[in-house]
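First up is the structure itself, then whatever we jot down about it.
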Amino acid sequence: MADGNVGLAVLGFPIGHSLSPQLHNAALEELTSRDPDYKNWNYGKVELAASDLGKALPLFWECGYKGLNLTIPHKVEVLPFLSSIDEDADIMGAVNTLVWKEDGWHGCNTDGYGLEAGLKESLSVSLENAKVLIVGAGGAARAAAAQCLRSKCEKLWITNRSPGRLQEVVEVLGQAFGRDRIQSFPLNELPDEVLEVKELIVVNATALGLKPEDPCPIELGKFRSDCRVYDMIYNPPLTQLLTRASHFQMSHANGLSMLVHQAARALELWTDQRISVSAMYRGVKS
Ligand code: NAP
């Protein structure tokens with residue numbers, strides 16, 4: 001990195017598909033128009049194997065990087081290499097944003113924030129007092145579930161294909177927030193009470209839908225038509241789940257708003273400035 005330049009980047013494997021540079025560089029351009037100090041800031045993407053993460057992280061700092069985002073497979077693998085971690089990210093057990101501090105890389109997680117802001121923007125729903133069903137128990141599901149509980153949802157149901165992973169998430173969340181609002185169930189044993197919930201928010205946090213031929217992660221046919229369906233997947237923009245939601249005239253949205261809001265929050269952490277999500281939307285659509 002040339003003298004005076006400040007680097008930001010997303011690390012992942014693979015990384016070719018990532019939209020993060022488009023989002024961040026559009027927002028940095030807008031920020032530079034308000035404050036020229038940011039003209040030397042640039043956001044890139046770096047393909048990095050999991051086995052290289054530990055030795056690469058200090059080198060990023062030495063080369064002028066001030067902030068990093070992490071995507072698959074680094075969000076959990078990074079934990080041993082951090083000097084400190086946010087309480088939220090600790091509960092989530094995953095980190096998607098690194099901020100350089102004097103003693104090393106500090107880990108944060110902006111996915112939960114991104115989901116909450118995305119739900120508000122795309123479906124006009126708030127997590128406070130909400131009843132939410134999350135499908136999935138990976139890193140994104142865990143961030144989503146912790147955010148729901150922290151933002152005072154009334155009830156959280158969570159289900160997953162692998163029972164072991166589901167159990168582990170429920171235990172971690174139970175320790176952090178108490179068990180009374182959390183109920184888990186096997187994927188093919190949907191409790192009747194869930195089907196009767198008014199204005200239920202259904203969130204897909206599984207990888208099912210990334211491939212066009214993927215089936216729905218959960219069948220929506222038995223749910224009330226006033227449920228709101230959010231698919232964290234944004235590419236493809238219309239998954240089977242969202243097609244079914246549309247068929248049943250349920251409000252629905254894909255995960256683009258979550259992507260944009262988690263990115264905006266990360267850039268705020270690095271710059272300490274208000275970040276425009278509209279610039280990010282323009283960046284991703286250009
Ligand atoms: P992850 O940790 O690898 O978790 C994957 C999840 O998908 C697990 O619950 C897994 O279940 C489930 N799954 C995978 N294949 C499945 C199948 N064939 N049938 C049923 N369940 C299946 O990944 P992640 O980081 O949590 O990401 C999950 C999804 O969220 C991805 O689609 C990702 O693109 C999306 N995401 C979006 C954003 C955004 O900003 N919009 C941010 C983060 C993630 P098992 O436990 O049974 O394997």
Side-chain angles (χ1 to χ4, degrees), residues 10-20 22-24 50 69-79 89 92-97 108-123 133-147 157-173 184-190 202-219 229-242 252-267 277 280-281 284:
V10 58
L11 316 182
F13 193 94
I15 199 63
H17 65 285
S18 176
L19 297 176
S20 294
Q22 284 156 260
L23 296 176
H24 283 277
N69 280 136
L70 303 169
T71 186
I72 293 173
H74 301 312
K75 286 186 182 183
V76 177
E77 310 302 320
V78 75
L79 297 177
M92 291 168 185
V95 158
N96 76 337
T97 301
C108 315
N109 195 315
T110 65
D111 279 339
Y113 168 88
L115 174 71
E116 182 162 16
L119 284 171
K120 197 169 224 165
E121 182 182 278
S122 302
L123 297 176
L133 165 59
I134 294 177
V135 188
R142 210 154 136 157
Q147 188 76 20
W157 288 272
I158 182 161
T159 184
N160 190 50
R161 175 182 62 175
S162 312
R165 213 167 176 195
L166 179 61
Q167 178 77 22
E168 193 188 314
V169 172
V170 170
E171 273 166 26
V172 172
L173 293 172
S184 63
F185 62 89
L187 195 47
N188 52 1
E189 292 175 29
L190 192 63
V202 178
V203 177
N204 176 35
T206 76
L208 264 188
L210 287 171
K211 290 184 241 135
E213 68 275 16
D214 278 347
C216 267
I218 193 158
E219 177 45 51
V229 182
Y230 193 86
D231 199 331
M232 284 194 190
I233 292 171
Y234 52 85
N235 187 14
L238 193 62
T239 57
Q240 275 296 329
L241 182 72
L242 297 183
H252 58 279
N254 70 29
L256 183 62
S257 51
M258 175 178 173
L259 178 78
V260 165
H261 283 278
Q262 64 75 28
R265 183 79 193 108
L267 197 50
V277 291
M280 286 193 160
Y281 277 114
V284 83

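Since the model is a prediction, treat every value here as computed from it, not as a measurement. Because only heavy atoms are used, hydrogens play no part in the values below, and waters and symmetry mates are left out as well, while side chains stay in. In listed order, ligands and their atoms are each counted from 1.
Between Ala207, Ala144, Gly138, it is Ala207 that holds the heavy atom closest to atom 7 (O) of ligand 1. For atom 3 (O) of ligand 1, the nearest non-hydrogen atom from the set His17, Lys75, Arg165 belongs to Arg165.
Using a 4.0 Å threshold on non-hydrogen atoms, atom 42 (C) of ligand 1 counts as touching the protein.
Looking at Asp111, Thr97, Asn69 one by one, the single match for side-chain hydrogen bond (donor to acceptor under 3.5 Å, both in side chains) with Lys75 turns out to be Asp111.
Glu171 pairs by the salt bridge (Lys or Arg N to Asp or Glu O under 4.0 Å) definition with nothing, not counting sequence neighbours. Under the side chain to side chain contact (heavy atoms under 4.5 Å, CB included) criterion, Ala89 pairs with Ile85, Asp86, Val95, Asn109, not counting sequence neighbours.
Of all the atoms in ligand 1, the ones that sit under 4.0 Å from a non-hydrogen atom of Gly255 are 41 (N). Ligand 1 places these atoms under 4.0 Å from at least one heavy atom of Gly139: 2 (O), 26 (O).
Looking at Leu208 against ligand 1, only its side chain comes within 4.0 Å, counting heavy atoms.
The shortest heavy-atom distance from Ala137 to ligand 1 is under 4.0 Å. Under a 4.0 Å heavy-atom criterion, Pro217 is not in contact with ligand 1.
Residue Asn160 places at least one N or O, backbone or side chain, under 3.5 Å from an N or O of ligand 1. Between Ala141 and ligand 1, a contact under 3.5 Å exists for no N or O pair.
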